[in-house]
Amino acid sequence: MYKEMITEGIYSKCLSPELDNRFNHLWCLVGNTPMLELQYSYKGKVGSIYVKCENYNLTGSIKDRMALYVLYKAYMNCQISPEDVIIEATSGNTGISFSAIGKALGHQVKIIMPNWLSKERIDIIKSMGADIQLISKEEGGFLGSIQLSEKLAANGGVFLPRQFENKFNAEAHELTTGREIVAQLANIGLVPDAFVAGVGTGGTVMGVGKHLKDINPFVKIHPLEPQESPTLTTGYKVGAHRIQGISDEFIPAIVKLDELDEVLCASDGDSIIMAQKLAKQLGLAVGISSGANVIGAIKLKEQLGDAAVVVTLLCDDNKKYLSTDLVKEQPIKEGYISSDVDFTGFTPIARLEKPFFGSGK
Ligand code: PMP
């Protein structure tokens, strides 16, 4: 059925067969990522969790799924035309995804982002010919970036994906990430018991959560936030943190905390050390939010017991963080769990033979 949704595009008066083809081709490079069973010991006790390798997407992050699906739905619903400039306020990975996918579809792209994010993000966006405007703390930081995008759109000729409120953001993860998790685990005879994901827009946790709940109403769905900036639990921005991509300064409209289980937290230093360990001990060179997600998953295993099938995501790889603290030694602080974790190996769980969108890899 979902595959038909893509081909049904040719019946939308706003999506030409040529563009429809480009979408199909792009779906061969986005989603249907590998999954790994990660084996570790924590305080000397062995355990395992399941992780989706989202660094395998076109631009190396989970946000490609959202960008491609949001643009597809915009064409289907006649909310974008080929001449429109795509303008988005973002803390990084979304900007990279819209730059790549926007260009592949023939659009001009302008990205507005806070000026304190990693240099690599800025250079990658620029390399794809997108315009980039940096906003300082004094100019309003993240919220200022969003306000500016709305102001620029008022003149017309602009498509605003509005990732923080666009329902197709979460739907992208319901129809791709969530379905892939269920199908890949089903192939080895398992059903997820719990899922945890750091919240940026919340699209991942809400969308994956919805599909997992459709399959198993008892599944636990946990959002995760930085310990240094617990916006979800306090309702407002508190403190700075180093887990780029999550906890942006407010609770996004997509996030419905009453539909989710308890908010988990990970400290930024602990997340960095966990990401460093994934790279050093297993060769999985991932970003800081991936370290945070693995902390959340190991904490859940402690709560739910050895037999629980706990799933999370490696959101991106470490290449965008080589100028950040991710490559610096971190002091170990009280309460960190990374110091008691050692990774011992992983077993791959194959990609799906038939992906839910596009024509396969
Ligand atoms: N990790 C990274 C590295 C990200 O860029 C993002 C998206 N901002 C997330 C996690 C969170 O994803 P979502 O926006 O779907 O909550």
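Note that the structure is a prediction, hence the values are computed from the model and not measured.
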Any luck finding a side-chain donor-acceptor pair between Glu225 and Thr233 under 3.5 Å? yes
Identify which one of Thr204, Thr231, Val255 satisfies the side-chain contact (heavy atoms from CB on, under 4.5 Å) criterion when paired with Val199. Val255
Return the CD1 to CG distance between Ile87 and Asp131, rounded to the nearest 0.5 Å. 8.5 Å
I'd like to know if Lys167 pairs up with Glu171 as an ion pair, taking the criterion as any Lys NZ or Arg NE/NH1/NH2 lying under 4.0 Å from an Asp or Glu carboxylate oxygen. no
May I ask you to decide whether Asp258 forms a salt bridge with Lys256, counting only side-chain N to carboxylate O separations under 4.0 Å? no
Shared hydrophobic cluster for Ile273 and Ile288 (ILVMFWY, side-chain gaps under 4.5 Å): no
Are side-chain heavy atoms of His211 and Leu175 found at a separation under 4.5 Å? no
Please verify the inter-ring angle class for Phe343 with Tyr40; under 30° counts as parallel, over 60° as perpendicular, anything in between as tilted. perpendicular
d(Ile132 CD1, Thr90 OG1) to nearest 0.5 Å is 9.0 Å
Start with the C-alpha distance between Glu139 and Ser136, add both sets of side-chain angles, then the distance that settles side-chain hydrogen bond (donor to acceptor under 3.5 Å, both in side chains), and finish with yes or no. CA-CA 5 Å; Glu139 291 166 316; Ser136 66; 3.2 Å; yes
Could you tell me if Ser289 and Gln244 have a donor-acceptor pair between their side chains, going purely by distance under 3.5 Å? no
Checking Asp342 against Ser41: is there a side-chain donor and acceptor pair closer than 3.5 Å? no
Heavy-atom count check: over 12 atoms from other residues, nucleotides or ligands less than 6.0 Å from Lys220 NZ? no
Return yes if a side-chain donor-acceptor contact under 3.5 Å exists between Glu37 and Ser48, otherwise no. yes
Below 4.5 Å, heavy atoms only, C-beta onward: do Leu314 and Asn293 meet side chain to side chain? no
In Å and rounded to the nearest 0.5 Å, what is the CG to CZ distance from Asn93 to Phe98? 12.0 Å
May I have the step-by-step check of side-chain hydrogen bond (donor to acceptor under 3.5 Å, both in side chains) for Glu83 and Ser81, ending in yes or no? CA-CA 6 Å; Glu83 311 74 43; Ser81 59; 3.2 Å; yes
Testing the 3.5 Å rule here: is there a donor-acceptor pair between the side chains of Gln184 and Arg351? no
Does the side chain of Thr94 come under 3.5 Å of the side chain of Gln163 through a donor N or O and an acceptor N or O? yes
Arg162/Glu150 ion pair, N-O < 4.0 Å: yes
Measure the CG-OG distance between Asp270 and Ser339 for me, rounded to the nearest 0.5 Å. 6.5 Å
Does Glu180 form a salt bridge (charged side-chain N to carboxylate O under 4.0 Å, His left out) with Lys52? I'd like the steps, not just the answer. CA-CA 9 Å; Glu180 288 169 27; Lys52 278 285 267 179; 2.8 Å; yes
Indicate, with yes or no, if Ile215 and Ile181 share a hydrophobic cluster defined by side-chain heavy-atom contacts under 4.5 Å among Ile, Leu, Val, Met, Phe, Trp and Tyr. yes
Please verify the inter-ring angle class for Tyr75 with His107; under 30° counts as parallel, over 60° as perpendicular, anything in between as tilted. tilted
For the student: nearest non-hydrogen atoms of Leu71 and Ile101, plus distance: CD1-CG2, 3.8 Å
Can you measure from NZ (Lys63) to CD (Glu54) and round to the nearest 0.5 angstrom? 11.0 Å
Applying the 4.5 Å side-chain criterion to the ILVMFWY set and letting contacts propagate, would Tyr50 and Leu300 be lumped into a single cluster? no
Salt-bridge test for Lys45 and Glu302: reply yes if a basic N is under 4.0 Å from a carboxylate O, no otherwise. yes
Show your working on side-chain hydrogen bond (donor to acceptor under 3.5 Å, both in side chains) between Ser149 and Glu88 and close with a plain yes or no. CA-CA 6 Å; Ser149 69; Glu88 184 68 324; 5.5 Å; no
same_hphob_cluster(Val310, Leu224) at 4.5 Å side-chain heavy-atom cutoff: yes
Do Ile86 and Val158 have side chains that get closer than 4.5 Å, going by heavy atoms? no
Do Arg65 and Thr33 get their side chains close enough for a donor-acceptor pair, meaning under 3.5 Å? yes
Val219, Leu190: one ILVMFWY side-chain cluster at the under-4.5 Å cut-off? yes
Shortest non-hydrogen pair, Val70 vs Pro161, comes out as CG1-CB, 4.0 Å
In terms of relative ring orientation, are Phe164 and Phe142 parallel, tilted or perpendicular, with 30° and 60° separating the classes? perpendicular
Value rounded to 0.5 Å, distance of CD1 in Ile62 from OH in Tyr56: 15.5 Å
Could you tell me whether the side chain of Ile221 reaches within less than 4.5 Å of the side chain of Lys213, counting heavy atoms only? yes
Is the shortest side-chain heavy-atom distance between Asp325 and Gln330 below 4.5 Å? yes
